[in-house]
Structures are given as structure tokens and as C-alpha cells.
Amino acid sequence: MSVVTLGEALGLVLARRTGGFDVVGDAELSFGGAETNVAIATARLGIPTAWIGRVGDDAVGRRILRTLRAEHVAAHVAVDAEVPTAIMLKDRPHLGRSRVTYYRDGNAGSRLSPADVDLDAIAAADVLHVTGIGLALSATSAEAVLHAVRHARSVGTLVSFDVNHRSKLWSAEDAAPRYREVAALADVVFAGDDEARILVSGESDEALALALQALGPARAVVKLGDRGALGVDGDEVLRVDAYRVPVADTVGAGDAFVGGYLAELVRGADHATRLRTASAAGACACRAEGDWEAMPTPADVAELVHGGGDPVER
Ligand SMILES: O=C(O)C(=O)C[C@H](O)[C@H](O)CO
């Protein structure tokens with residue numbers, strides 16, 4: 001029962017006040033990265049978890065590895081002596097507007113290559129999780145994702161793919177064929193409704209999920225934010241509502257959702273349980289600031305599930 005994720009983790013410099021880094025100097029350092037967010041989520045939910053990636057030989061890289069150790073995520077990393085760990089700045093130029101600026105091109109995570117992929121770690125896991133960000137970062141990173149996915153399939157490890165489209169990294173037109181290629185090799189695909197439309201067309205959430213499933217995976221989940229999600233597994237179609245919580249920060253909620261789903265998948269839980277835990281985990285992640293800091297424990301999930309009614313519609 002275990003999960004391995006593969007992708008980039010990058011330093012996150014977060015402005016503490018509104019006004020933009022043009023004038024604001026008050027900031028804190030953390031890190032982000034969809035695949036490490038998912039890893040922290042599954043680890044906190046009690047699933048043995050590992051992450052495969054590449055960091056620079058610097059304070060940000062060491063901070064990432066130290067935090068992953070503290071979160072019980074085993075790191076199979078290459079340390080790049082030549083370039084630094086990427087960073088992203090997140091500030092709020094004015095109330096209601098959040099802005100992200102990436103400094104990741106050519107840095108350690110983008111230099112991930114097939115040689116960095118720990119094949120034994122993938123063979124030892126029940127699920128390998130990758131995202132579209134790894135496909136976007138560079139040609140070698142995309143090769144590493146595909147190498148990992150193909151190896152997972154050859155050794156019977158399930159493949160999970162979250163589209164996670166980043167329009168700052170590439171266009172939808174360039175991304176679409178790469179997303180379809182990985183979706184066809186996956187066992188479960190996650191996409192927001194807008195993201196799903198990059199790969200397929202469909203008039204409704206259900207039509208989108210079924211169209212994603214038709215690309216190859218047995219399971220597809222369309223994430224709908226505060227409208228919940230719609231999942232298909234074989235011929236079972238289920239809709240799940242979002243739990244209502246006070247929202248501090250929605251970043252990382254999609255990764256928490258995926259972590260909740262995968263934690264239940266490796267435990268062998270049924271479709272409704274997977275979606276219920278995913279929805280609760282996504283809601284928990286919204287209750288505090290930070291990309292990974294508010295990932296839930298089983299007690300956090302249980303509190304929402306037992307106190308919030310059953311959100312699954314059959
Ligand atoms: O925005 C990105 O590209 C990141 O990887 C950082 C964030 O932690 C991630 O997007 C949250 O899903």
C-alpha cells in the first residue's frame with residue numbers, strides 16, 4: 001500500500017502584505033509543487049509515500065528535503081550542483097488579486113531526466129502520480145514523466161495523472177497532444193472542467209468525464225472546485241458535493257483532493273469512499289494558507305465526513 005509521485009518542487013516566496021513585491025518587502029519562504037503537495041497529502045493520510053525529483057544544492061533544496069522528511073515522504077532525489085532550485089514569487093498587488101511569478105526555466109526541477117527516475121521506487125509502489133506540469137517544464141522532464149509512466153505500466157503500478165495545466169508554462173494547443181498521450185497510459189485521470197476541455201469536448205461534467213475515460217483510463221474525475229466533483233469508474237458515475245468550509249486559500253486544494261482519492265484507492269476503498277475523502281481533503285486544504293501546510297490528517301477528514309452529511313449523489 002504505497003504511492004510515489006514524480007515532479008518539481010520549488011521554493012515559494014510569499015508576500016505577507018498586499019501591495020506587490022514592487023513595494024512590499026515582508027515575505028516568508030516555503031515551497032510548492034503539485035507532486036510534493038500530493039505526496040504530503042497521502043503521507044498525512046497514513047499511506048507510505050515517496051517523491052522522485054531534482055533539487056539544487058542550496059538552502060531551498062535542503063529546506064524541501066528537510067520538510068519532506070518531517071512529513072514522512074521518502075525522497076529519491078538527484079541533487080544538481082550546477083543550477084539552483086527553482087522558485088516562485090506569490091504576491092497580491094491589491095486586494096482580490098493574487099499574482100504568481102515563476103523563476104523555474106533551466107533550474108534543477110526542469111533538468112529532471114529519465115536517468116533520475118528511480119525505477120525500483122516505482123515498482124515498489126501501488127500508484128505512480130504525475131502531472132502536466134512535469135510535461136511542460138522541459139523536454140527532459142517530459143521524457144522523465146513518460147519513462148516513469150511506461151515503467152509503472154510494465155511492472156503493474158497504477159498510473160495517476162492530474163492535468164494541472166499551467167498556461168504560464170505552455171499553450172493549450174501545445175499541451176493537448178501530450179496530455180492525451182499520458183491520459184491514454186493512465187489508470188486514473190484528474191482534470192478541472194476547463195482543463196478537461198483541453199483534451200476532450202463535452203457539454204456536461206458527465207460528458208467530459210466519460211470523454212476523458214474514453215481516452216483510456218478506467219477512472220476519470222472532473223474536479224469542479226466549490227461545485228464538488230464528478231467521477232467515473234468503469235460504468236459507475238458519481239457526483240460529490242464540496243464540503244462547505246471557511247476559505248483561507250484554495251491553492252493546494254486540488255492536490256489535497258487527489259491525495260485523498262489516491263489514499264483510498266490504494267486502500268481498496270469503493271468509488272464513493274474515494275470521492276468522499278477526496279472532497280473532504282480538498283476542503284480541509286482550503287482552511288489555512290499555504291500550498292501543502294493544511295493537508296489533512298485522517299482525523300481532519302473524519303471530522304468533516306461525519307459532521308457534514310454524505311455529499312455523494314448516486
Ligand atoms: O504552480 C505550480 O506550477 C506549482 O507547482 C506550485 C503549486 O504548489 C501547485 O500549482 C499547486 O497545485
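Small disclaimer: the values here were computed from a predicted structure and weren't measured. Just follow the structure's listing: the first ligand is 1, and inside any ligand the first atom is 1.
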I'd like a table of the close N/O pairs between ligand 1 and the protein (anything under 3.5 Å), one pair per line with both atom names and the distance.
{"residue": "ligand 1", "atom": "1 (O)", "partner": "Tyr102", "partner atom": "OH", "Å": "2.7"}
{"residue": "ligand 1", "atom": "1 (O)", "partner": "Arg166", "partner atom": "NE", "Å": "3.1"}
{"residue": "ligand 1", "atom": "3 (O)", "partner": "Tyr102", "partner atom": "OH", "Å": "3.1"}
{"residue": "ligand 1", "atom": "3 (O)", "partner": "Arg104", "partner atom": "NH1", "Å": "2.8"}
{"residue": "ligand 1", "atom": "3 (O)", "partner": "Arg166", "partner atom": "NE", "Å": "3.2"}
{"residue": "ligand 1", "atom": "5 (O)", "partner": "Ala34", "partner atom": "N", "Å": "3.4"}
{"residue": "ligand 1", "atom": "8 (O)", "partner": "Gly33", "partner atom": "N", "Å": "2.9"}
{"residue": "ligand 1", "atom": "8 (O)", "partner": "Asn37", "partner atom": "ND2", "Å": "3.1"}
{"residue": "ligand 1", "atom": "8 (O)", "partner": "Asp291", "partner atom": "OD2", "Å": "2.6"}
{"residue": "ligand 1", "atom": "10 (O)", "partner": "Arg166", "partner atom": "NH2", "Å": "2.6"}
{"residue": "ligand 1", "atom": "12 (O)", "partner": "Arg166", "partner atom": "NH2", "Å": "3.3"}
{"residue": "ligand 1", "atom": "12 (O)", "partner": "Asp255", "partner atom": "OD2", "Å": "2.7"}

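Using a 4.5 Å cut-off on side-chain heavy atoms (C-beta onward), Val60 and Val55 make no contact.
Listed by first and then second residue, the ring-ring contact (aromatic ring centres under 6.0 Å, His included) pairs involving residues 184-212 are Phe190-Tyr261 (not counting sequence neighbours). For residues 6-16, the set of pairs meeting the side chain to side chain donor-acceptor pair (under 3.5 Å) definition, not counting sequence neighbours, comprises Glu8-Arg104, Arg16-Asp26, Arg16-Glu28.
More than 12 heavy atoms of other shown residues, nucleotides or ligands fall within 6.0 angstrom of atom CZ in Arg99.
Checked against side chain to side chain contact (heavy atoms under 4.5 Å, CB included), Ala9 has the following partners two or more places apart in sequence or in another chain: Phe31, Thr36, Trp51, Ile64.
Looking only at atom types and distance, the side chain of Asp300 has a donor-acceptor partner in the side chain of Thr297 under 3.5 Å away.
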